[in-house]
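Below: one structure, written as structure tokens.
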Amino acid sequence: MQKDGIEFMREYLKNTWDGIYTVLVGMRITFKHLFTPAVTIQYPEVKVKLPDRVRNRLYVNIDDCIGCDQCARACPVSCIEIDTVKSIPGEDLGITSNGKKKALWVTRFDIDIAKCCYCQLCVFPCPTECIYMTDVYEFSEYERANLLYKFSALNQDEAAQKKVNYEKFQAEKEAQKAAAAAAAAKPKPETPAQPSAN
Amino acid sequence: MYQFFFDLTGNVIISTLAVALVPLICVLLVTLFGVWLERKVSAWMQDRVGPNRIGPYGIFQCVADFVKMLQKEDAVSSEVDGVLYNIAPVLVFAGSFAAFAVIPFASTIIGSQVEVGLFYMLAASSFVVAGILMGGWSSNNKYSLLGSMRSAAQIISYEIPTALVVLSMVMLMGTLNLTQISEMQTGNFWHWNIFGGPGWALSKFLLIPFMVVGFIIIFISTLAEVNRTPFDIPEAESELVAGYFTEYCGMKYGMFMLAEYGNMFAVSLLVSVLFFGGYQSPVGYLGNVLGIKWLVSLEQFSWFFAKGWFFIFVQMWLRWTLPRLRVDQLMTLCWKYLIPYAVINLVIIGIISLL
């Protein structure tokens, strides 16, 4: 009985001491942290450096685009839409930065970035490396229509003009062809033009 | 202070209101600043930044919160017990505010020179329990009821060690008047009660360890009385939503917050009056050196506030250090540890004060 009492008292005092001591240990730790600089990165003012290969907003360098449509075909969500018009002889479209000659007017190059899934599959097929991911990731909009990015260098009138030019050229060509055909047909009027004759 | 305002205005009502206004403004400012400090201290201790958008270091964050709270709709559930529900926040705040009536902010700034100040203060602050119980019961919400029941059990239990330590201090000082208790510890900081009180008798040195024990006990038990972590089981967020004020919103909720921070400040001041010389400066006064009377009062006021804020800071420090106690641990701490130690402390201090 006597021993139990002593044992109990020892445990009681030890509990008391442990209680005070452990609280002080904890307080020392929190006090240290009081002067530790915050780990918070205050986002709008401070930005974390992004990794090299991040995939964010798409950008098209339209000067290099040859209108090959490969990116649009690679896109799994069909968010790229491209319209092209053939150029007519005499129009100089220039060359791309890697020396390819441009032959098509890119009258429309729309990327609906709201649909984009950032897979980067459109980037790899591009022969001129003109479509690529940028490090811009803050492009929220109030209107969904604003997320439809138009990259074409031509405005609507110019695009229409190019189309008209091409159609005119085509019509002229047709007319020339017809005339040539007519001229070729003249010497032999008894045999009318047949598909198999060509 | 009442006499001063009475001489100034010659009107009983105006001077009474003016006297009541001083602690009210103190409590409001303490709450505003306290909430901000709480958030900042918690942020710093967790290596975060804390509020930093409104004003320098986010100091006006609480003003913005307060304005928001004021203009909120007073949504009341249809199942609440109307009268009690509406009275409860007022009672809680009145209880914590009433305690400030007898606290001497400086030798000249005191609401009321009551001879039984210490007794009055303990009584007024336990009045809060009634409000909390009312709020919890009338909310008609199981979490509120549980919270208020826990709070009542906790506050009533922890009154005992508080009262025992206060009793031992009263035995030593021989007065319940808080101004007199502060005045007895005048001079330098080694005259404070934590260092055994004034004089250089043998009893002073014998008292020091028991004073420290008494201080630790009263600090823990007052911490529990104001329902703060690690003793915040009445408002344990993870268990009881918000405890007894779950159903309250808008300014009624604000009243509970005011009461909480008012209580924190009141018990911090009580501890500093009992053990750390109240409004007494640790080193002497510039006003006495220069012979300017009002400067002394100002210095005393500042010292008192500094001490109060220090203990509030320690309370916050503990809050962000320790996890919450379980109910049985809470009761074990009170009944098996604090009360026996307080009783032994009381006896020993009594014997020493006889020497």
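So you know, we letter chains A, B, ... as the sequences are listed, proteins then strands, and number each from 1.
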Determine whether more than 12 heavy atoms belonging to other residues, nucleotides or ligands lie under 6.0 Å from atom OH of B/Y57. no

Is a side-chain donor or acceptor of A/Y12 paired with a backbone partner of B/K336 at a separation under 3.5 angstrom? yes

Any salt bridge between A/E45 and B/R53, counting N to O under 4.0 Å? yes

Donor-acceptor check, side chain of B/W317 to backbone of A/M27, threshold 3.5 angstrom: yes or no? yes

For atom OH of A/Y43, is the number of surrounding heavy atoms from other residues, nucleotides or ligands below 6.0 Å larger than 12? yes

Pick from A/T22, A/I20, A/T16: which one has the most heavy-atom pairs with chain B under 4.5 Å? A/T16

Given B/I220, B/I216, B/T321, B/L318, the one that forms side chain to side chain contact (heavy atoms under 4.5 Å, CB included) with A/V23: B/L318

With a 6.0 Å cut-off (strictly less than), is the heavy-atom count around CD of A/E138, excluding the residue itself, greater than 12? yes

Rounded to the nearest 0.5 Å, what separation is found between the CG atom of A/L34 and the CE atom of B/M45? 4.5 Å

I need the residue from A/P37, A/A38, A/G26 with the largest number of non-hydrogen atom pairs under 4.5 Å to chain B. A/A38

For atom CD of A/E158, decide whether the heavy atoms of other residues, nucleotides or ligands shown that lie under 6.0 angstrom number more than 12. yes

So OG1 of A/T30 and CG of B/L322: to nearest 0.5 Å the spacing works out to 8.0 Å

Can you confirm whether B/R48 sits close enough to A/V39 that some side-chain heavy atom of one is under 4.5 Å from a side-chain heavy atom of the other? no

May I ask you to check whether over 12 heavy atoms, not counting those of B/F310, lie within 6.0 Å of atom CZ? no

Rounded to the nearest 0.5 Å, what's the gap from CH2 on B/W44 to CZ on A/F31? Could you check? 12.0 Å

